[in-house]
Amino acid sequence: MLAIALVMSLVTTTAVAADRKDPMAEWKGRMTGLDTRIKAAQSEAELHELQGQMDQLLQACAQARGCDIAQLLPIYRAASAARSNPVSMKDDNDDGGDGPDEMIDVAGDKTPQQATADALLDERNRHFLDMVKMNPAVQAGIRRWLTDMRPSLMASYENFQYLKSSMLPAFQSRGLSEALLFGIIAKESNGKVHVGSRVGAVGPLQFMPATGRRFGLGQDGSGFDTRYDPKMSSAAAAEYFSERYAELNNNIELSLAAYNGGEGRALRVYQASGGRSFWDADVYAQFPAETRDYVPMVIAAAWLYLHPREYGVRFPRVSDRPAQIKLEKPTSFNEMTICMGNARGTDGYLRALRNMNPRYSPDTWLSAGTVLNATTAMSRAYSWNCTSGRRAELAHELMTADARSALVRIGPLEPGATSAASAQIEQAGIGAATQDPATRIQPLAVAAPPPKAIAKPAPRVEKKEKPKRVKQYRVAKGDTLGRIADKHDCDLKALAKANGLHAPGYVVKPGSSIKLEGCDN
């Protein structure tokens with residue numbers, strides 16, 4: 001935590017004499033001075049520096065006795081509105097625009113709330129900060145997130161922004177911190193909805209089967225496990241933590257230890273110790289090494305979520321405003337990812353599409369009219385680049401390209417006929433593999449093999465060949481026509497034609513049977 005004296009030393013603005021009748025006069029004077037300087041800022045670097053000072057001033061007020069933060073909010077919000085729409089400034093890494101793509105690349109409609117002191121004004125997050133203890137174990141966790149695990153922290157933040165609209169309401173309804181939810185997600189799954197562990201935990205919050213069933217998660221009858229559903233899993237986690245808080249005296253560290261190491265163990269340790277802290281050496285020693293690592297790492301990620309600027313963290317700007325995409329033609333997440341492109345500083349929309357629509361796999365062909373969860377930026381990217389135009393055509397060409405069509409069949413090669421020629425060609429510096437039979441260059445003469453004696457052919461006996469029986473294949477869950485063709489060495493177009501399937505989707509239904517025509521096995 002920053003001491004008030006340290007914050008005041010960082011804030012360089014016109015001092016306002018304290019009015020004995022108004023103890024807030026100096027606080028408001030400093031905030032007003034920063035507001036004036038922000039509006040006059042001439043560079044992006046200066047703007048960020050002043051914004052950081054204003055954030056720190058609010059943080060100090062939140063911790064200072066007698067400081068009414070509500071009186072500073074109007075000034076802070078006015079400054080936020082001014083800095084969210086800078087007229088003449090560009091990002092340090094901005095390389096100019098190129099039409100609609102530039103509008104997509106400007107990744108976000110507003111400064112992320114988590115990157116400013118606004119996050120600390122939320123009562124749940126302030127309560128979280130009051131309850132957790134900053135100590136060397138948490139500091140070591142912060143060090144790890146900021147060094148070799150920094151890419152994971154950034155990916156977790158970006159993924160969480162897309163998940164937040166569906167996951168956060170459950171935590172907020174129970175008075176739980178947004179930062180806590182982020183910390184758990186960052187440590188459990190990096191915000192990847194479809195991950196699973198070796199012991200059977202799955203989903204963004206890594207519920208085990210038994211615990212999931214206890215809180216209403218599991219198979220829903222359609223083949224989908226709702227532990228993968230962000231909204232349902234966050235509701236289950238919020239209920240779980242409410243239970244742990246109630247029995248562990250609102251101790252966050254012990255509740256996290258229960259989530260990772262087992263609630264029975266956590267309760268036994270808590271009761272046996274007389275309610276001592278997780279950081280008590282005897283209590284700490286009762287938990288496995290994984291849990292002793294898990295607890296400070298979650299708290300460290302949550303801390304960085306609320307204090308990014310203090311540690312030099314600049315989270316990617318992600319548009320998180322919920323929206324929907326209604327598909328105008330058949331497509332898949334893979335095809336959409338190609339044509340939608342990516343926002344600057346991010347890795348594209350495949351993970352976001354999957355996270356926000358967990359029931360679909362990347363290569364599932366979706367029919368026209370399907371409605372998908374998305375954000376406003378994703379919706380614009382789809383409308384501009386995936387419904388028509390060259391980008392949409394390129395994405396479709398790439399998705400329907402069959403690598404096997406690159407091969408040409410001219411005829412069988414004579415056994416051993418090319419071995420001598422290949423050796424000489426390689427010696428001459430020309431790769432035999434690059435020699436197209438139609439345009440082959442033969443720089444070296446190759447001796448013809450000696451003529452073979454012609455044997456008198458045996459009398460020919462004609463046999464009637466039995467017609468080959470066409471095999472049938474029952475489509476399994478997750479199968480696509482392309483996968484079936486690869487598995488049975490089929491010509492994709494012949495297989496599709498034999499079964500009356502049409503491009504681009506070649507949709508096959510699980511449980512149906514298809515004829516394996518044009519297949520070698």
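Position 1 is the first residue of the sequence, and the numbers go up from there. Just so you know, these numbers use all the heavy atoms, side chains as well, and skip hydrogens, waters and symmetry mates. Because the structure is predicted, anything quoted here is derived from the model rather than measured.
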Nearest heavy atoms of Tyr349 and Asn342, plus distance in Å: CE1-CA, 4.1 Å
Considering non-hydrogen atoms only, spot the tightest contact between Cys490 and Ile484 and give its length. SG-O, 4.3 Å
Between Val199 and Met208, is a side-chain contact (heavy atoms from CB on, under 4.5 Å) present by the stated rule, with each step listed? CA-CA 8 Å; Val199 295; Met208 292 290 287; 3.9 Å; yes
Mind listing the closest non-hydrogen atom pair of Pro209 and Gly200 along with its distance? CD-O, 3.6 Å
Is there a donor-acceptor pair closer than 3.5 Å between any side-chain N or O of Ser197 and the backbone N or O of Ala201? yes
Pi-cation contact, Phe128 with Arg124 (under 6.0 Å, within 45°): no
With a 4.5 Å cut-off on side-chain heavy atoms, are Leu205 and Met167 touching? yes
Residue pair Lys231 / Asn373, side-chain heavy-atom distance below 4.5 Å: no
Should we say atom CD of Glu397 is surrounded by more than 12 heavy atoms from elsewhere, each under 6.0 Å from it? yes
Would you find more than 12 non-hydrogen atoms of other residues, nucleotides or ligands less than 6.0 Å from Lys329 atom NZ? yes
Roughly how far apart are Ile184 CD1 and Phe160 CZ, rounded to 0.5 Å? 10.0 Å
Backbone N/O of Asp229 and side chain of Thr226: donor-acceptor pair under 3.5 Å: no
Could you check whether the rings of Phe215 and Phe207 sit parallel, tilted or perpendicular, using 30° and 60° as the cut-offs? tilted
Do any N or O atoms from the side chain of Gln206 and from the backbone of Val195 form a donor-acceptor pair under 3.5 angstrom? yes
Distance-only polar pair, side chains of Tyr382 and Glu328, donor-acceptor under 3.5 Å: no
When you check the gap from the basic side-chain N to the acidic O, do Glu263 and Arg214 get nearer than 4.0 Å? yes
Heavy-atom side-chain contact between Lys515 and Gln472 under 4.5 Å: yes
Walk me through whether Met378 and Leu353 qualify under side-chain contact (heavy atoms from CB on, under 4.5 Å). CA-CA 9 Å; Met378 293 166 66; Leu353 286 167; 3.6 Å; yes
If the condition is side-chain contact (heavy atoms from CB on, under 4.5 Å), which residues does Arg404 pass it with, not counting sequence neighbours? Asp402, Ala485, Asp486, Leu492
Under 3.5 Å: donor-acceptor pair, side chain of Asn159, backbone of Asn190: yes
Nearest heavy-atom neighbours spanning Met340 and Arg391: C-NH1, 4.0 Å
Check the angle between the aromatic planes of His307 and Trp303 and answer parallel, tilted or perpendicular using the 30° and 60° thresholds. parallel
Give me the atom names and distance for the closest heavy-atom approach of Ser255 to Tyr245. OG-CD1, 3.2 Å
Sub-4.5 Å side-chain heavy-atom contact between Val295 and Tyr259: no
Quick check: does any side chain N or O of Arg474 sit under 3.5 Å from a backbone N or O of Gly511, one acting as donor and the other as acceptor? yes
Nearest 0.5 Å, what's the CG-CZ distance between Asp148 and Arg143? 10.0 Å
Measuring from Leu516:CG to Asn499:CG, what's the distance to the nearest 0.5 Å? 8.0 Å
Give, for atom CE of Met399 and atom OG of Ser332, the distance between the pair rounded to the nearest 0.5 Å. 4.0 Å
Which class fits the ring pair Phe315 and Tyr305: parallel under 30°, tilted 30 to 60°, perpendicular over 60°? tilted
Note, Asp220 side chain near Arg359 side chain (heavy atom, < 4.5 Å): yes
Taking the side chain as every heavy atom from C-beta outward, state whether His396 and Cys339 have any atom pair closer than 4.5 Å. no
Quick one: are Arg351 and Glu158 in side-chain contact, heavy atoms under 4.5 Å? no
Take Arg321 and Thr375 through the side-chain contact (heavy atoms from CB on, under 4.5 Å) test and state the conclusion after the steps. CA-CA 5 Å; Arg321 294 182 182 177; Thr375 66; 5.7 Å; no
Rounded to the nearest 0.5 Å, what's the gap from NZ on Lys471 to CD on Glu517? Could you check? 13.5 Å
For residues Ala300 and Ile142, report the shortest heavy-atom separation together with the two atoms involved. CB-N, 3.4 Å
SB check Glu243 Arg174 (cutoff 4.0 Å): no
Mind telling me whether Phe333 and Tyr360 have parallel, tilted or perpendicular rings, with 30° and 60° as the class edges? perpendicular
Donor-acceptor check, side chain of His194 to backbone of Tyr228, threshold 3.5 angstrom: yes or no? no
For the CZ atom of Arg265 and the CG atom of Asn260, what is their distance to the nearest 0.5 Å? 9.5 Å
What's the verdict on side-chain contact (heavy atoms from CB on, under 4.5 Å) for Leu180 and Leu256, showing C-alpha distance, side-chain angles and the deciding distance? CA-CA 10 Å; Leu180 174 64; Leu256 288 169; 4.0 Å; yes
Does some side-chain heavy atom of Leu146 sit less than 4.5 Å from a side-chain heavy atom of Leu304? yes
